[in-house]
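Encoded as structure tokens, the structure appears first; notes follow it.
Whatever order the structure lists ligands and atoms in, that order sets their numbers, starting from 1.
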Amino acid sequence: MNPPYARIADLSAHAGQSVRVRGWVTHLRSSGKVAFIVMRDGSGTLQCVLVKSSVPADTWELFDQLTQETTIEVTGEVRTDARAAGGFELGITALELIGSSPIDYPIQPKEHGIDFLLDHRHLWLRSGRQRAIARVRHETEQAMRDFFYERDFTLVDTPILTAAIGERSGLFATEYFDEGTAYLAQTGQLYGEAAAAALGKIYCFGPTFRAEKSKTRRHLSEFWMIEPEVAFNDSNDNMNLQEEFVSYVVQRVLERKKPELDELERDTSRLETVVGPFPRIDYTDAIKILESKGSDAKWGDDLGAEDESLLVEGHDRPVFIYNYPKEAKAFYMKENPADPRTVLCDDLLAPEGYGEIIGGSQREDDYDKLLKRIHEEGLPVDAYGWYLDLRKYGTFVHSGFGLGLERTVSWICGLPHLREAIAFPRMMNRLRP
Ligand code: 4AD
Ligand code: MG
């Protein structure tokens, strides 16, 4: 009977036993009498030892056909070895070549330019660093879903093809049968608001699209956003929820993905301090701080990346900037009764210069004010009829926010650019692979 298949991560359950492991060759070396094959199977890496004198001649000879990325199946005994990565090595008794790999594998252990790596993203994903990022991203997403699940939010999946737009930034448009132009969703929020009147606390989590002609390290044209919407939360409740959410997610990743963060050489002491409360700075005060730091930001402007960096200087956790001027923000934000030049909103800025990770607001719940804002922004009123209905049939105070997944993952992992935070990034100049 053949030994059972085992995943490298599960080898501790097989110490002293014979198993079969399938995966890809990552490193090879041989002394002529003993050969070492380091392989990965997606769950971990394993050093396998092939001893010339203890295997049949054809098994030993097969070693010469191996190259980086060859797919193999090895059979052997799981041996405890404190020096080995993962704590085990495999003493090979049988070796099978499943899929060969020519020696011109493009990604080599040397410096490659970023465009070269992105052109080979389908292969680059196999590297240790990219695997670590993928795992942190997965944990981040799962933590986010668990956070809302545990708090009895209902997940509502919102459409990607839409007729009305949500944000000011660029749109991807496509023909939609006889209905005219459809736009790829920039946000699920407007639909989330409708669902909040049905279910109270909801969130949506999906891909969102912005045709922004910006080639910055913080912009993708396709990114994932998680957007909760809560009936009867005001702007202050909304910031409390963001604080609790971000702290939960960061601490959960720290707890469960320490080896991956170490692989990425992330200074995790900079994440340990990410617990509420987060400082809250009124926009008008933020402008004063910026002026004192020599920025030329003026009251009325939205804040740029440099200003965001200046504002988080000296803070060891995210910082809220709240109540921006109306003209700097989207049409749906609620006018601030205490200062109608501003709206009840917040941006949450990550520390260490990672910039805005969340945009949130209390929504305009007054029918006439919202209609006026739609006119002022030159938006087509008929496309917002259903959205206005939410203020006609039982209006309610409500708030929500959108957190950008890739920006958050970049910050947690300490990545200089968003493009590594998603498996296949979409940017202005990149649609392939
Ligand atoms: O501030 P934004 O535009 O807010 C909204 O879309 C609201 N409708 C959210 C809501 O209230 N439900 O975007 C929210 C977040 C930003 O803070 C940022 O993290 C991310 O989405 N984001 C981007 N991430 C990557 N590439 C881009 N081009 C992004 N644009 C926004
Ligand atoms: Mg924003």
Side-chain angles (χ1 to χ4, degrees), residues 137 140 144 148 153 156 158 162 164-172 183-196 201-230 233 235 237-239 241-242 245-246 249 283 301-305 307-308 318-322 324-325 328-334 343-350 354-364 387 398-412 415 417-422 425-428 430:
R137 178 182 168 115
T140 305
M144 289 174 175
F148 289 121
F153 283 64
V156 176
T158 54
T162 67
I165 66 170
E167 302 300 322
R168 285 173 168 174
S169 38
L171 288 161
F172 288 106
Y183 303 101
L184 296 188
Q186 299 170 310
T187 169
Q189 175 200 323
L190 309 196
Y191 300 97
E193 290 182 51
K201 300 195 280 188
I202 66 94
Y203 77 99
C204 60
F205 194 1
T208 45
F209 305 86
R210 309 264 167 114
E212 286 167 304
K213 289 207 169 132
S214 45
K215 286 190 189 163
T216 80
R217 59 198 181 86
R218 288 188 189 160
H219 289 91
L220 296 169
S221 34
E222 177 176 321
F223 64 97
W224 285 66
M225 181 158 52
I226 187 160
E227 299 180 88
E229 192 69 35
V230 185
N233 263 12
S235 187
D237 301 325
N238 196 33
M239 285 190 270
L241 182 64
Q242 291 165 55
F245 178 56
V246 171
V249 169
Y283 171 89
D301 299 344
D302 203 356
L303 303 177
D307 292 328
E308 290 178 353
V319 175
F320 287 110
I321 310 296
Y322 66 92
Y324 283 65
K329 292 292 178 191
F331 74 96
Y332 52 71
M333 295 186 182
K334 182 157 183 68
V343 282
L344 298 175
C345 72
D346 68 87
D347 278 2
L348 184 66
L349 312 182
Y354 282 93
E356 178 197 329
I357 52 169
I358 288 182
S361 63
Q362 187 172 327
R363 319 308 190 184
E364 184 55 78
Y387 187 62
H398 61 290
S399 302
F401 63 87
L403 174 142
L405 179 61
E406 291 76 13
R407 292 215 189 152
T408 305
V409 170
S410 297
W411 163 46
I412 294 176
L415 310 177
H417 196 298
L418 249 56
R419 64 194 161 204
E420 281 182 90
I422 184 163
R426 294 291 173 252
M427 295 175 286
M428 225 182 115
R430 190 156 291 279

Honestly, for T187 the part within reach of ligand 1 (heavy atoms, under 4.0 Å) is side chain

Under 4.0 Å from one or more heavy atoms of G404, ligand 1 contributes atoms 15 (C), 19 (O), 20 (C), 21 (O)

Going by the 4.0 angstrom heavy-atom rule, the piece of E356 near ligand 1 is both

dist Y203:OH -> F153:CZ (nearest 0.5 Å) comes out at 10.0 Å

the protein heavy atom lying closest to atom 5 (C) of ligand 1 turns out to be E167 OE2, 3.3 Å

heavy-atom search around atom 18 (C) of ligand 1 in the protein gives R407 NH1, 3.6 Å

(message) Using only atom types and a distance under 3.5 Å, with no angle test, would you say the side chain of E222 pairs donor to acceptor with the backbone of R426?
(response) no

Exercise. With distance as the sole test, does Q362 use its side chain to make a donor-acceptor pair with the main-chain N or O of S235 at under 3.5 Å?
Worked result: yes

Counting from 1 in the order shown, the ligand 1 atoms closer than 4.0 Å to a non-hydrogen atom of R363 are 10 (C), 11 (O), 12 (N)

For the pair F148 and I202, evaluate side chain to side chain contact (heavy atoms under 4.5 Å, CB included) and give the outcome as yes or no after the intermediate values. CA-CA 8 Å; F148 289 121; I202 66 94; over 6 Å; no

TODO: Check step by step if side-chain hydrogen bond (donor to acceptor under 3.5 Å, both in side chains) holds for Y332 and E193.
DONE: CA-CA 11 Å; Y332 52 71; E193 290 182 51; over 6 Å; no

One finds that the ligand 1 atoms under 4.0 Å from a non-hydrogen atom of R218 are 25 (C), 26 (N)

Under 4.0 Å from one or more heavy atoms of E212, ligand 1 contributes atoms 28 (N)

* To do: Please indicate whether any nitrogen or oxygen in E229 is less than 3.5 Å from any nitrogen or oxygen in ligand 1.
  => no

In this structure, atom 26 (N) of ligand 1 is nearest to the protein heavy atom L220 N, 3.0 Å

Quick note on ligand 1: atoms under 4.0 Å from a heavy atom of M225 include exactly 6 (O), 13 (O), 14 (C), 15 (C), 21 (O)

So the atoms of ligand 1 within less than 4.0 Å of a heavy atom of I358 turn out to be 17 (O)

Q: Fit a plane to each ring of F331 and Y387, take the angle between them on a 0 to 90° scale, and name the class: parallel (under 30°), tilted (30 to 60°) or perpendicular (over 60°).
A: perpendicular

Checking L403, V156, T158, I226 against F205 for side-chain contact (heavy atoms from CB on, under 4.5 Å), the one that qualifies is I226

Ligand 1 to L418, heavy atom cutoff 4.0 Å, flagged ligand atoms 25 (C)

Worked check of salt bridge (Lys or Arg N to Asp or Glu O under 4.0 Å) between E406 and R137
CA-CA 8 Å; E406 291 76 13; R137 178 182 168 115; 3.0 Å; yes

Ranked by distance from atom 15 (C) of ligand 1, the top protein heavy atom is G402 O, 3.6 Å

Note: Y354, heavy atoms under 4.0 Å from ligand 1, region reported as neither

Under 4.0 Å between heavy atoms, the region of D347 that gets near ligand 1 turns out to be neither

Show your reasoning for whether side chain to side chain contact (heavy atoms under 4.5 Å, CB included) applies to M427 and R419.
CA-CA 8 Å; M427 295 175 286; R419 64 194 161 204; 3.9 Å; yes

So for R210 against ligand 1, with non-hydrogen atoms under 4.0 Å, the contacting part is side chain

Judged by heavy atoms only, the candidate from Y332, F223, F401, W224 nearest atom 21 (O) of ligand 1 is F223

Check the pair H417 / T216 against side chain to side chain contact (heavy atoms under 4.5 Å, CB included), numbers first and verdict last. CA-CA 8 Å; H417 196 298; T216 80; over 6 Å; no

I'd like to know whether K329 forms a salt bridge (Lys or Arg N to Asp or Glu O under 4.0 Å) with D347, so could you lay out the CA-CA distance, the side-chain angles of the two residues, the decisive distance to 0.1 Å, and finally the verdict. CA-CA 11 Å; K329 292 292 178 191; D347 278 2; 3.0 Å; yes

Heavy-atom donor-acceptor pair, R210 side chain to L220 backbone, under 3.5 Å: no

Shortest non-hydrogen pair, C345 vs Y324, comes out as SG-N, 3.5 Å

Atom 12 (N) of ligand 1 has as its nearest protein heavy atom E227 OE1, 2.7 Å

Ligand 1 atoms nearer than 4.0 angstrom to some heavy atom of G359 are 1 (O), 9 (C), 10 (C), 11 (O), 17 (O)

for atom 19 (O) of ligand 1, nearest protein heavy atom and its distance come out as I357 O, 2.9 Å

The N/O/S atom of E356 lying closest to the Mg ion (ligand 2) is OE2

